[in-house]
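Ligands are counted one by one from 1 in listed order, and the atoms in each one are counted from 1 as well.
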Amino acid sequence: MTGTAEGKLIVISGPSGVGKTTICHALRGRGRIVRSVSATTRAPRPGETDGRDYFFLTREAFVAKREKGGFLEWAEYAGNLYGTPKEFVEKETKAGNFPLLEIEVQGVEQLRKQGWPGVYVFIAPPSIGDLRKRLEGRGNMPPEVIERRIKVAEAELKRTDLYDFAVVNDTVDRALAEVLDILDKKLK
Ligand code: 5GP
């Protein structure tokens, strides 16, 4: 699929721990926004439901789907595979809806290469120190995992050229208001 998309995507990306999931939850169901549920090979976390948070697949099932061209984009992140099911996005864009994709940067790069039209938003932390504090505050990551995520975040922050907008998540309410304002102007 190259550049023939009929509709627009809403692509939200940014480092792990920046708060993009909270923003995406708040966007769901507004107007014609429909959340795309990704497939992943990582194990469900407590409270996550198959088909709602992710489609949890074995590596074999993921690779089989990928080989059949079933993903719009996919990436390996922290040892697990993640991908956006193509069928959902094609169906929803054709119906005039705006699929909301919360994905990491390698996936964004692929969508840009394919020429998918859309609104590409990068959610940035106020600073790396702030991001570290947020990751530490989650209380569920050993220091070396936090340091690895910080390294990845530093690399991601260098790829803001891939996006149309960068929104600093200083407070969720303000960042959400800014994202809504952008979508309001761009999804006409
Ligand atoms: P987590 O394991 O914390 O849920 O997600 C890890 C990272 O993978 C996050 O940055 C998340 O946005 C990203 N991600 C989730 N689904 C997809 C997907 O379908 N494609 C890509 N490229 N990244 C994804």
J.: Look at atom 3 (O) of ligand 1 and say which protein heavy atom is nearest, naming residue and atom and giving the distance to 0.1 Å.
T.: R45 NH2, 3.0 Å
J.: Which protein non-hydrogen atom lies closest to atom 20 (N) of ligand 1, naming both residue and atom, and how far is it?
T.: E73 OE2, 2.7 Å
J.: Using distance alone, decide if ligand 1 has a nitrogen or oxygen within less than 3.5 Å of any nitrogen or oxygen in E104.
T.: yes
J.: Should you measure from each heavy atom of T84, which atoms of ligand 1 turn up under 4.0 Å away?
T.: 19 (O)
J.: List ligand 1 atoms under 4.0 Å from A75, heavy atoms only on the residue side.
T.: 22 (N)
J.: So which protein heavy atom does atom 15 (C) of ligand 1 come closest to, and at what separation?
T.: Y54 OH, 3.3 Å
J.: Does a side-chain N-to-carboxylate-O contact under 4.0 Å join E76 and R59?
T.: yes
J.: For a side-chain contact (heavy atoms from CB on, under 4.5 Å) check, start with the C-alpha distance between I33 and R28, then their side-chain angles and the critical distance, and finish with the verdict.
T.: CA-CA 6 Å; I33 301 175; R28 278 194 302 204; 5.9 Å; no
J.: Using a plain distance cutoff, I'd like to know if G83 has any nitrogen or oxygen under 3.5 Å from a nitrogen or oxygen of ligand 1.
T.: yes
J.: For E154 and I128, what are the C-alpha separation, side-chain angles and deciding distance, and is it a side-chain contact (heavy atoms from CB on, under 4.5 Å)?
T.: CA-CA 8 Å; E154 282 170 341; I128 286 288; 3.7 Å; yes
J.: Check the pair Y82, F62 against ring-ring contact (aromatic ring centres under 6.0 Å, His included), reporting the backbone distance first and the verdict last.
T.: CA-CA 9 Å; Y82 295 84; F62 188 105; 8.2 Å; no
J.: To which protein heavy atom is atom 9 (C) of ligand 1 closest, and what is the distance rounded to 0.1 Å?
T.: K20 NZ, 3.9 Å
J.: Please state which part of E76 comes within less than 4.0 Å of ligand 1, counting heavy atoms only: side chain, backbone, both or neither.
T.: neither
J.: Tell me whether V145 is reachable from I150 by hopping between hydrophobic residues (I, L, V, M, F, W, Y) whose side-chain heavy atoms are closer than 4.5 Å.
T.: yes
J.: Do I182 and V167 come close enough that some side-chain heavy atom pair is under 4.5 Å?
T.: yes
J.: Run down the list Y77, Y82, F55 and name the one with the heavy atom closest to atom 2 (O) of ligand 1.
T.: Y82
J.: Run the side-chain contact (heavy atoms from CB on, under 4.5 Å) check on F165 and K186 step by step: do they pass?
T.: CA-CA 11 Å; F165 300 93; K186 293 288 164 187; 3.6 Å; yes
J.: Between R30 and L180, is the side-chain contact (heavy atoms from CB on, under 4.5 Å) condition met? List the steps.
T.: CA-CA 10 Å; R30 288 182 191 250; L180 284 171; 3.6 Å; yes
J.: Is the terminal nitrogen or CZ of R112 (NZ for Lys, CZ for Arg) located under 6.0 angstrom from the six-membered ring centre of Y120 and within 45° of that ring's axis?
T.: yes
J.: So is R42 polar-close to ligand 1, meaning N/O to N/O under 3.5 Å?
T.: yes
J.: Identify the protein heavy atom lying closest to atom 16 (N) of ligand 1, giving its residue, its atom name and the separation to 0.1 Å.
T.: S38 OG, 3.1 Å
J.: Report the C-alpha distance between F122 and Y163 in whole Å, list the side-chain angles of each, state the deciding distance to 0.1 Å, and finish with yes or no for ring-ring contact (aromatic ring centres under 6.0 Å, His included).
T.: CA-CA 6 Å; F122 185 82; Y163 302 88; 5.0 Å; yes
J.: Should you measure from each heavy atom of G107, which atoms of ligand 1 turn up under 4.0 Å away?
T.: 22 (N)
J.: Can you tell which part of Q106 has a heavy atom less than 4.0 Å from ligand 1: side chain, backbone, both or neither?
T.: neither
J.: If I apply the N/O under 3.5 Å rule, does E102 come out as touching ligand 1?
T.: yes
